[in-house]
Amino acid sequence: MNEKSPVKLLNRLDELDITRKALADEVGVTERSVYRWLGYEKEPKLTFVQVAKLCSLLQWSVQELASAYYPPEDHPSATADVPGDLAPN
């Protein structure tokens with residue numbers, strides 16, 4: 001894995017005992033794709049349905065997922081507040 005990694009996302013996978021294979025199967029991608037995301041080799045390119053499945057699996061909102069994947073210093077817009085009625089309850 002690269003020097004940088006999505007530590008919060010990796011910790012969440014461990015916390016929920018989700019394997020890379022289970023994540024790939026649930027979202028509908030290859031296991032290699034998951035390893036590439038987690039190593040920051042490739043940015044995930046997911047459909048809305050796949051994002052919804054990923055968030056459901058992780059029990060996170062889309063905002064929590066973005067904040068966990070992108071380090072704030074590298075991608076500050078990923079951790080910005082969601083405006084208006086799109087904000088989680």
Side-chain angles (χ1 to χ4, degrees):
M1 193 171 288
N2 291 346
E3 210 173 280
K4 290 186 177 185
S5 65
V7 175
K8 287 182 184 178
L9 179 55
L10 291 169
N11 288 344
R12 185 64 168 183
L13 292 172
D14 289 342
E15 176 184 321
L16 297 174
D17 199 26
I18 300 169
T19 65
R20 298 346 178 229
K21 172 132 180 54
L23 178 85
D25 290 346
E26 180 66 27
V27 175
V29 298
T30 65
E31 192 173 354
R32 179 72 183 134
S33 291
V34 172
Y35 276 95
R36 286 180 176 161
W37 304 339
L38 297 177
Y40 286 140
E41 293 175 39
K42 297 276 184 178
E43 185 159 328
K45 299 206 184 315
L46 301 172
T47 66
F48 289 119
V49 171
Q50 289 172 312
V51 171
K53 286 180 180 182
L54 180 57
C55 289
S56 177
L57 182 67
L58 295 172
Q59 300 168 18
W60 273 350
S61 69
V62 173
Q63 192 64 29
E64 289 170 313
L65 176 61
S67 296
Y69 185 78
Y70 295 108
E73 64 276 6
D74 290 347
H75 220 295
S77 64
T79 59
D81 288 335
V82 177
D85 59 349
L86 295 177
N89 295 329

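Looking at residues two or more places apart in sequence or on another chain, you find a side chain to side chain contact (heavy atoms under 4.5 Å, CB included) between Ala22 and Ile18, Thr19. For Glu15, the side chain to side chain contact (heavy atoms under 4.5 Å, CB included) partners are Arg12, not counting sequence neighbours.
The residues Arg36 and Glu31 are annotated as not salt-bridged, no charged nitrogen and carboxylate oxygen being separated by less than 4.0 angstrom.
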TODO: Report the C-alpha separation of Glu26 and Lys21 in whole Å, then their side-chain angles, then the decisive distance to 0.1 Å, and conclude whether the side-chain contact (heavy atoms from CB on, under 4.5 Å) test is met.
DONE: CA-CA 9 Å; Glu26 180 66 27; Lys21 172 132 180 54; over 6 Å; no
Task: CA sep, side-chain torsions, deciding dist, call: Phe48, Val62, side-chain contact (heavy atoms from CB on, under 4.5 Å) - done: CA-CA 10 Å; Phe48 289 119; Val62 173; over 6 Å; no
Open item on the list: Evaluate Leu23 against Leu54 for side-chain contact (heavy atoms from CB on, under 4.5 Å), listing each step before the verdict.
Closed with: CA-CA 8 Å; Leu23 178 85; Leu54 180 57; 3.2 Å; yes
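Counting non-hydrogen atoms of other residues, nucleotides and ligands closer than 6.0 Å to CG of Asp17 gives a total of 12 or fewer.
Thr30 has its side chain out of reach of Tyr35: every pair of non-hydrogen atoms, C-beta onward, lies at least 4.5 Å apart. Contact of the Leu57 side chain with the Leu16 side chain is not registered, since no non-hydrogen atoms from C-beta on lie closer than 4.5 Å. Residues Leu13 and Leu38 have side chains in contact (heavy-atom distance under 4.5 Å, counting atoms from C-beta outward). Residues Arg32 and Arg20 fail the side-chain proximity criterion, which asks for heavy atoms closer than 4.5 Å. Leu46 places a side-chain heavy atom less than 4.5 Å from the side chain of Trp37.
Side chain of Ser67 to backbone of Gln63: a donor-acceptor contact under 3.5 angstrom is found. Counting only distance, with no hydrogens or angles, the side chain of Gln50 and the backbone of Thr47 share a donor-acceptor pair below 3.5 Å. Checked by atom type and distance alone, the side chain of Tyr69 never pairs as donor or acceptor with a backbone atom of Glu64 at under 3.5 Å.
Looking at Glu43 and Tyr70, their side chains do bring a donor and an acceptor atom within 3.5 Å of each other.
The minimum heavy-atom distance linking Pro6 with Ala68 is given by the pair CB-O, 3.8 Å. Looking at every heavy atom in both residues, Leu65 comes nearest to Cys55 through CD2-SG, 3.9 Å.
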